[in-house]
Asker: 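Can you keep this structure in mind? I'll have questions shortly.
Order of appearance sets the numbers: ligands from 1, and atoms from 1 within every ligand. Because the structure is a prediction, the values reported are computed rather than measured. Note: hydrogens, waters and symmetry copies are ignored here, and every other heavy atom, side chains too, is used.
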Amino acid sequence: MSAKIIDGTAMAKRLRAAYTARAEALAAQGHRPGLTVVIAGDNPASRVYVRNKIKACTEAGFDSRDTEFPEDVSTATLLAEVERLNNDSKVHGILVQLPLPPQVDAEAVTAAIAPHKDVDGFHAINLGGLFGLAGDFVPCTPAGAMEMLRQEGIPIEGRHAVVIGRSNIVGKPMALLLLQAGATVTICHSKTVDLPAMTRQADILVAAVGKADFVTADMVKPGACVIDVGINRPESGPKAGKLTGDVDFAAVSQVAGWITPVPGGVGPMTIAMLLANTIKATEIALQKAAKT
Ligand code: NAD
């Protein structure tokens with residue numbers, strides 16, 4: 001079998017065109033969507049991610065900027081910046097790029113973002129949305145992966161979904177979104193015993209591990225849908241320096257029914273969801289303004 005490749009770049013392009021039109025309509029009413037990304041330190045991967053996010057938002061007609069801080073920034077300085085952005089009515093979305101330098105209390109900084117501006121969806125109130133409680137924003141990467149499943153028409157309800165990874169930003173929210181969509185969900189992680197026995201049961205297999213080519217063909221049920229969230233750059237071997245997913249694409253695509261590539265899969269969809277959340281934040285700000 002040769003898997004159908006789910007083209008995240010093409011899907012994201014269509015979505016971004018729709019968000020651009022919505023941004024234009026909001027700007028015409030005097031409310032151009034505004035996103036500010038806070039970045040601290042010199043992590044090269046973070047800088048690339050931030051550049052791509054700002055570029056996509058600018059192309060969609062948003063007022064998008066970044067505020068940069070040195071590696072030795074204090075928690076207090078970042079909290080003051082978040083407070084300033086919370087109070088700036090032109091800023092609808094605030095994103096603090098993670099990881100922050102080790103001396104910074106990242107939890108405190110993330111928690112300080114006003115929930116209605118938290119376009120990354122990491123604030124506790126927004127994470128509550130994953131339980132069906134209050135919350136306006138879903139974290140962008142799992143939201144993007146879910147959108148791929150929906151657009152591709154992959155059956156979710158009643159199917160067995162296995163998520164490898166239990167981080168707060170990918171694994172756990174992904175599992176909860178699949179659960180909300182009616183899947184039977186198994187979460188696997190570094191302490192899971194006999195991982196291949198688990199993954200082989202998956203109709204939908206999501207890899208969010210952070211290890212290049214970790215998922216091999218023998219771990220995949222024939223015909224399964226495999227969503228590769230991983231972004232790795234191996235330091236050695238045949239793929240040294242190349243953007244590589246968590247899934248051995250060449251081998252797994254011979255077994256799976258659908259597969260997302262890296263690059264060109266979940267990554268572009270993550271950015272598209274950031275645009276969606278920023279538009280939503282702008283609309284929430286408008287509704288709040290109309291009520292006062
Ligand atoms: P993380 O390091 O926080 O979590 C990794 C998870 O993998 C952990 O829960 C751990 O238990 C699990 N794990 C590690 N070794 C394992 C093993 N041997 N067996 C089973 N599970 C194991 O990483 P994260 O932030 O969740 O990110 C995961 C990957 O997704 C990374 O490659 C990251 O770069 C990528 N990512 C991509 C996007 C995107 O836009 N595509 C966004 C965020 C993260």
Asker: Would you check if the side chain of Lys117 reaches a backbone N or O of His92 as a donor-acceptor pair within less than 3.5 Å?
Answerer: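 No; judged by distance alone, with no hydrogens or angles, the pair does not exist.
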Asker: Tell me which one of Ile169, Thr260, Val229 gets a heavy atom nearest to atom 25 (O) of ligand 1.
Answerer: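 Residue with the shortest heavy-atom distance to the ligand atom: Ile169.
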Asker: Any idea which of Leu195, Ile227, Thr141 brings a heavy atom closest to atom 42 (C) of ligand 1?
Answerer: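 Looking at heavy atoms only, the winner is Thr141.
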Asker: For atom 19 (N) of ligand 1, what is the closest protein heavy atom, and at what distance to 0.1 Å?
Answerer: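 For atom 19 (N) of ligand 1, the nearest protein heavy atom comes out as Phe214 CZ, 3.4 Å.
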Asker: N/O of Lys211 under 3.5 Å from N/O of ligand 1, yes or no?
Answerer: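 N/O-N/O distance under 3.5 Å: yes.
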Asker: Supply the atom-to-atom distance Phe137 CZ to Asp118 CG, rounded to the nearest 0.5 angstrom.
Answerer: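 One gets 7.0 Å once the value is rounded to the nearest 0.5 Å.
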Asker: May I ask you to list the atoms of ligand 1 that are less than 4.0 angstrom from any heavy atom of Ile164?
Answerer: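 Every atom of ligand 1 under 4.0 Å from some heavy atom of Ile164: 20 (C), 21 (N).
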Asker: Can you see which heavy atom on Leu78 is nearest to which on Leu100, and at what distance?
Answerer: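 Taking Leu78 first and Leu100 second, the nearest heavy atoms are CD1-CD2, 4.0 Å.
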Asker: Can you pull out the closest protein heavy atom to atom 24 (P) of ligand 1? Residue, atom name and distance to 0.1 Å, please.
Answerer: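 Atom 24 (P) of ligand 1 sits closest to the protein heavy atom Ser167 OG, 3.7 Å.
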Asker: Consider side-chain hydrogen bond (donor to acceptor under 3.5 Å, both in side chains). Of Lys221, Arg159, His160, which one does Asp203 pass it with?
Answerer: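 The single option meeting the side-chain hydrogen bond (donor to acceptor under 3.5 Å, both in side chains) with Asp203 is Lys221.
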Asker: Counting distance only, does the side-chain N/O of Thr278 pair as donor-acceptor with the main-chain N or O of Gly93 below 3.5 Å?
Answerer: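 No, the answer is negative, given that no donor and acceptor are paired below the 3.5 Å cut-off.
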Asker: Counting distance only, does the side-chain N/O of Arg32 pair as donor-acceptor with the main-chain N or O of Ala23 below 3.5 Å?
Answerer: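 No; judged by distance alone, with no hydrogens or angles, the pair does not exist.
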Asker: Just to confirm my output: which protein heavy-atom neighbour is closest to atom 21 (N) of ligand 1, and how far is it?
Answerer: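 Ranking protein heavy atoms by distance from atom 21 (N) of ligand 1, first comes His189 C, 3.0 Å.
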Asker: For Gln103, does the CD atom sit with more than 12 other heavy atoms under 6.0 Å from it, leaving out its own atoms?
Answerer: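 Yes, CD of Gln103 has more than 12 neighbouring heavy atoms, counting only those of other groups under 6.0 Å.
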Asker: What part of Asn232 sits under 4.0 Å from ligand 1 if we count only heavy atoms: the side chain, the backbone, both or neither?
Answerer: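 The part of Asn232 near ligand 1 is the side chain, not the backbone.
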Asker: Answer with yes or no whether Cys188 contacts ligand 1, where contact means a heavy atom under 4.0 Å from a ligand atom.
Answerer: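 Cys188: no contact with ligand 1 (<4.0 Å).
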Asker: Identify the two heavy atoms, one from Tyr49 and one from Gln97, that lie closest to each other, and give their separation to 0.1 Å.
Answerer: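 Scanning both residues completely, I find the closest heavy atoms to be CD1-NE2, 3.9 Å.
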Asker: Is the closest heavy atom of Gly171 to ligand 1 under 4.0 Å?
Answerer: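 It does not; every heavy atom stays at 4.0 Å or beyond.
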Asker: So between Ser190, Gly8, Gly210, whose heavy atom ends up nearest atom 22 (C) of ligand 1?
Answerer: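 Answer by nearest heavy atom: Ser190.
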Asker: Any side-chain heavy-atom pair from Ile156 and Leu149 closer than 4.5 angstrom?
Answerer: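 Side-chain contact under 4.5 Å: yes.
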Asker: Which residue holds the protein heavy atom closest to atom 9 (O) of ligand 1, what is that atom called, and what is the gap in Å?
Answerer: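 Nearest protein contact, heavy atoms only, for atom 9 (O) of ligand 1 is Arg166 N, 2.8 Å.
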Asker: Within the distance-only criterion (no hydrogens, no angle test), does the side chain of Asp246 pair as donor or acceptor with the backbone N or O of Lys211 below 3.5 angstrom?
Answerer: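 Yes: the side chain of Asp246 pairs with the backbone of Lys211.
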Asker: Under 6.0 Å from the NZ atom of Lys90, do we count more than 12 heavy atoms belonging to anything else shown?
Answerer: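 Result for NZ/Lys90: open.
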Asker: I need the nearest protein heavy-atom contact for atom 2 (O) of ligand 1: residue, atom name and distance, please.
Answerer: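 Here the closest protein heavy atom is Val209 O, 4.4 Å.
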Asker: Can you confirm, on distance only, whether ligand 1 has an N/O atom lying under 3.5 Å from any N/O atom belonging to Asp246?
Answerer: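 N/O-N/O distance below 3.5 Å does not exist for this pair.
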Asker: Below 4.0 angstrom from a heavy atom of Val170, which ligand 1 atoms are there? Numbered from 1 as shown, please.
Answerer: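 Matching atoms, with element in brackets: 26 (O), 43 (C), 44 (C).
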Asker: At under 4.0 Å between heavy atoms, which part of Ile231 makes contact with ligand 1: side chain, backbone, both or neither?
Answerer: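 For Ile231, the contact with ligand 1 is made by both the backbone and the side chain.
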Asker: Tell me which one of Ile271, Thr270, Thr244 gets a heavy atom nearest to atom 40 (O) of ligand 1.
Answerer: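 Among Ile271, Thr270, Thr244, the closest heavy atom to atom 40 (O) of ligand 1 comes from Thr270.
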